[in-house]
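Here is the structure we will look at.
Values reported hereafter were calculated over all heavy atoms of this structure, with side chains retained and with hydrogens, waters and symmetry mates removed.
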Amino acid sequence: MEKFNQLTSVAAPMEIVNVDTDMIIPKQYLKTIKRTGLARGLFAEMRLNEDGTENPDFVLNKPAYRKAQILVAGDNFGCGSSREHAPWALLDFGIRCVISTSFADIFYNNCFKNGILPIRVTPEELDLLMDNARRGENARLTVDLEAQTITASDGEVVAFDIDAFRKHCLLNGLDDIGLTMEKSGEIVDYEARNADERPWV
């Protein structure tokens, strides 16, 4: 998993509440367990017209936001079903951070396991960051995980809380397998002891 430390990017304003996982990645794109190639399905029903062409009114199709790595979104982002394809699609598109006042629990946890930083802020802070995001390519947000801050283009700083364990995992690029491999020496020692003490196993 790619490490997350500091990210400076244009932020796309997604002023929609209750963005569910079916909106993030519609069901017809769930036929694979690969984590790549899902960008084409991200927000497909809003991002694409019925003939497959891009909807020019959708925020991520606008020139200013095509390379946005941060989403500033409305309340309750990631609600709905528990599909892990939702963070996979966001990451495959290039989104590394989602900022909202609230997230669905399963989506929130899945983000951390896939290298995406979900940040909870107050409604007042969201308004400030949304206003910054609306300015397009002339404004950027800087997310500093180590310092636990978001800095707007005008210098305004928003502090955020994050669980220490999740912060450690993101800073070091550790998913569940990576966490296990941190203990590889102890695992090898255990297996050697177990082979001596229980040779019949």
Please report the interatomic distance [atom1]([X]) to [atom2]([Y]), rounded to the nearest 0.5 Å.
| X | Y | atom1 | atom2 | value |
| --- | --- | --- | --- | --- |
| Ser102 | Leu126 | OG | CG | 9.5 Å |
| Cys111 | Glu84 | SG | CD | 10.0 Å |
| Phe103 | Asn110 | CZ | CG | 13.0 Å |
| Lys113 | Trp88 | NZ | CH2 | 12.0 Å |
| Leu48 | Asn61 | CG | CG | 7.0 Å |
| Leu129 | Ser100 | CG | OG | 11.0 Å |

Please check if atom [atom1] in [X] has more than 12 non-hydrogen atoms from other residues, nucleotides or ligands closer than 6.0 Å.
| X | atom1 | answer |
| --- | --- | --- |
| Ile162 | CD1 | yes |
| Lys167 | NZ | yes |
| Gln28 | CD | yes |
| Asp161 | CG | no |

Should [X] and [Y] count as an ion pair when the cut-off is N to O under 4.0 Å?
| X | Y | value |
| --- | --- | --- |
| Arg134 | Glu15 | yes |
| Glu54 | Lys62 | no |
| Arg96 | Glu2 | yes |

Stepwise side chain to side chain donor-acceptor pair (under 3.5 Å) test for Thr142 and Thr8: CA-CA 4 Å; Thr142 295; Thr8 298; 2.8 Å; yes

Please check this pair: side chain of [X] against backbone of [Y], looking for a donor-acceptor N/O pair closer than 3.5 Å.
| X | Y | value |
| --- | --- | --- |
| Asn172 | His168 | yes |
| Asn55 | Asp57 | yes |
| Tyr65 | Ala11 | no |
| Asp163 | Phe165 | yes |
| Thr21 | Gly78 | no |
| His85 | Thr32 | yes |
| Asp144 | Ala147 | yes |

Are the side chains of [X] and [Y] in touch, meaning some heavy atoms are under 4.5 Å apart?
| X | Y | value |
| --- | --- | --- |
| Glu146 | Leu171 | yes |
| Leu170 | Met1 | yes |
| Leu71 | Phe77 | yes |

Starting from the C-alpha separation in whole Å, work towards a yes-or-no answer on side chain to side chain contact (heavy atoms under 4.5 Å, CB included) for Phe93 and Arg47. CA-CA 12 Å; Phe93 194 86; Arg47 193 166 59 85; 4.3 Å; yes

Candidate pair Gln6 and Leu145, rule side chain to side chain contact (heavy atoms under 4.5 Å, CB included), full reasoning: CA-CA 6 Å; Gln6 189 176 96; Leu145 178 55; over 6 Å; no

For a quick test of reading the model, state the closest non-hydrogen atom pair linking [X] to [Y] and the distance between them.
| X | Y | value |
| --- | --- | --- |
| Cys97 | Val143 | SG-CG2, 4.1 Å |
| Gly136 | Ala64 | CA-CB, 4.1 Å |
| Phe107 | Ile24 | CE1-CD1, 4.0 Å |
| Ser81 | Arg83 | OG-NE, 2.9 Å |
| Arg140 | Asn132 | O-ND2, 3.7 Å |
| Leu60 | Ala12 | CD2-CB, 3.7 Å |

For Lys34 and Leu38, run side chain to side chain contact (heavy atoms under 4.5 Å, CB included): C-alpha distance rounded to whole Å, both residues' side-chain angles, the deciding distance at 0.1 Å, then the answer. CA-CA 8 Å; Lys34 293 181 180 178; Leu38 292 170; over 6 Å; no

Give the C-alpha distance, both sets of side-chain angles, the deciding distance and a yes or no for side chain to side chain contact (heavy atoms under 4.5 Å, CB included) between Arg135 and Ser153. CA-CA 10 Å; Arg135 299 175 200 172; Ser153 53; 3.7 Å; yes

Hydrophobic cluster membership, with links at side-chain heavy-atom distances under 4.5 Å among I/L/V/M/F/W/Y: are [X] and [Y] in one?
| X | Y | answer |
| --- | --- | --- |
| Leu91 | Leu30 | no |
| Met14 | Val72 | yes |
| Val17 | Val98 | no |
| Met130 | Val19 | yes |
| Ile25 | Met23 | no |

Do the rings of Phe58 and Phe43 sit parallel, tilted or perpendicular, given the 30° and 60° boundaries?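 Rings of Phe58 and Phe43: tilted, 30 to 60°.
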
Parallel, tilted or perpendicular: rings of Tyr108 and Phe112 (30°, 60°):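 Geometry flag for Tyr108 against Phe112: perpendicular rings.
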
Quick one: do Thr36 and Asp92 satisfy side chain to side chain donor-acceptor pair (under 3.5 Å)? Show the steps, please. CA-CA 6 Å; Thr36 56; Asp92 195 44; 5.7 Å; no

Can you spot which of Ile119, Val158, Ile150, Ile99 makes a side-chain contact (heavy atoms from CB on, under 4.5 Å) with Glu125?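 Result: among Ile119, Val158, Ile150, Ile99, Val158 is the only option passing the side-chain contact (heavy atoms from CB on, under 4.5 Å) with Glu125.
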
side-chain hydrogen bond (donor to acceptor under 3.5 Å, both in side chains) partner of Thr101, the single match among Thr122, Asp127, Asn76, Asp75: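 It is Asp75; the other options fail the test.
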
Between Arg35 and Asn114, is there a side-chain donor-acceptor contact under 3.5 Å, judged purely by atom types and distance? yes

Please list all pairs meeting ring-ring contact (aromatic ring centres under 6.0 Å, His included) that have one or both residues in residues 135-163, counting only residues at least two apart or in different chains. none

